[in-house]
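Single-structure report; data block below.
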Amino acid sequence: MKKAFLFLLMIGLLGFAGCNTDDDATGVQIVILQVTDADFPVTFTVGEVYTIEVTFLIPDACTLFEGFDFTSTGLTERQIVAIGTRFPEEACLPDMEERTATFDFEVFHDQTYIFRIWTGTDENGENEFLTFEVPVN
């Protein structure tokens, strides 16, 4: 039993010895993508699921869209950002491209929903948002 434990300990230590801890190692970066537009319905109905279309910018050929991040800032208030991953490459050329993606949203409450979607920052570095208010029938 003691030999098996020592063997497993040695294997574990050898595994960690192969880890790369260089500070200059490149990796994937998480980026927030600039949203330019979104398409919400005029009204919601409680219990229904709606597909919301969002248009955003991909800044270069090294960036991929990954999805949306949602933060509840109140019972029926949501802050939304489009998330991407960027693979740092030397040959990455800037090539702004507009794309669309969708997410499904289920209505649980009978109060007006407020969506704030991040669009970028202004000249003072302040966050800017598109705001959509959707009343519920």
Side-chain angles (χ1 to χ4, degrees):
M1 182 71 168
K2 189 175 184 181
K3 287 182 183 182
F5 174 75
L6 288 174
F7 177 73
L8 290 174
L9 180 63
M10 291 298 291
I11 294 294
L13 291 175
L14 287 174
F16 283 118
C19 292
N20 184 356
T21 59
D22 293 343
D23 288 339
D24 62 346
T26 60
V28 176
Q29 301 168 338
I30 304 298
V31 294
I32 300 174
L33 304 174
Q34 181 182 1
V35 171
T36 58
D37 196 15
D39 187 24
F40 284 86
V42 176
T43 61
F44 284 148
T45 301
V46 173
E48 295 293 320
V49 176
Y50 296 87
T51 299
I52 310 301
E53 186 175 280
V54 178
T55 304
F56 54 91
L57 297 175
I58 297 288
D60 55 43
C62 294
T63 302
L64 302 172
F65 172 72
E66 294 297 332
F68 297 101
D69 183 52
F70 300 85
T71 303
S72 293
T73 56
L75 183 65
T76 58
E77 296 176 19
R78 305 292 184 269
Q79 188 168 311
I80 303 168
V81 294
I83 301 294
T85 51
R86 184 169 193 287
F87 297 87
E89 303 280 338
E90 289 181 28
C92 184
L93 301 174
D95 185 24
M96 192 72 69
E97 181 181 341
E98 193 170 74
R99 295 198 188 152
T100 59
T102 61
F103 64 87
D104 289 334
F105 183 77
E106 185 171 2
V107 179
F108 291 107
H109 305 286
D110 61 358
Q111 301 171 14
T112 297
Y113 279 83
I114 300 170
F115 298 91
R116 294 174 25 133
I117 304 176
W118 189 83
T119 60
T121 56
D122 64 14
E123 61 277 353
N124 297 323
E126 298 292 320
N127 290 324
E128 296 184 312
F129 299 89
L130 288 174
T131 301
F132 297 89
E133 292 190 28
V134 184
V136 178
N137 293 329

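Bear in mind that the values here come from a model prediction, so they are computed numbers and not experimental data. Note: hydrogens, waters and symmetry copies are ignored here, and every other heavy atom, side chains too, is used.
- By the side-chain contact (heavy atoms from CB on, under 4.5 Å) test, Glu106 pairs with Val49, Phe108, sequence neighbours left out.
- Counting only residues at least two apart or in different chains, side chain to side chain donor-acceptor pair (under 3.5 Å) contacts with residues 47-66 comprise Thr51-Asp104, Asp60-Thr63, Asp60-Arg86, Glu66-Thr85.
- Thr36 pairs by the side-chain hydrogen bond (donor to acceptor under 3.5 Å, both in side chains) definition with Glu98, not counting sequence neighbours.
- Side-chain contact between Pro135 and Val42 is absent, with no heavy atoms from C-beta onward closer than 4.5 Å.
- Of all the heavy atoms in Val46 and Asp110, the pair that sits closest is CG2-CA, 3.8 Å.
- Clustering ILVMFWY residues whenever any of their side-chain heavy atoms sit less than 4.5 angstrom apart, transitively, puts Phe68 in a cluster other than the one holding Leu57.
- Residues passing the side-chain contact (heavy atoms from CB on, under 4.5 Å) test with Val35, sequence neighbours excluded: Val54, Phe56, Ala82, Ile117, Leu130.
- Partners of Val134 by side-chain contact (heavy atoms from CB on, under 4.5 Å), not counting sequence neighbours, listed by chain and number: Phe40, Phe44, Phe115.
- Ile58 CD1 to Gln34 CD: the interatomic distance, rounded to the nearest 0.5 Å, is 11.5 Å.
- Between the side chain of Thr76 and the backbone N or O of Thr112, at least one donor-acceptor pair lies under 3.5 Å.
- Heavy atoms only, all atoms of each residue included: Ile83 and Asp69 are closest at CG1-CB, 3.9 Å.
- Among all heavy-atom pairs drawn from Leu33 and Phe65, the shortest one is CD1-CD1, 3.9 Å.
- Seen from the ring of Phe70, Arg78 does not count as a face-on cation partner, given the 6.0 Å and 45° thresholds.
- The structure places OG1 of Thr121 at 7.0 Å from CG of Asn127, a figure rounded to the nearest 0.5 Å.
- Contacts of Glu128 classified as side-chain hydrogen bond (donor to acceptor under 3.5 Å, both in side chains), with partners at least two apart in sequence or in another chain: none.
- By the 4.5 Å heavy-atom criterion applied to side chains, Phe132 and Phe129 are not counted as neighbours.
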Ile80 and Trp118: CA distance, side-chain angles, deciding distance, side-chain contact (heavy atoms from CB on, under 4.5 Å) verdict: CA-CA 6 Å; Ile80 303 168; Trp118 189 83; over 6 Å; no
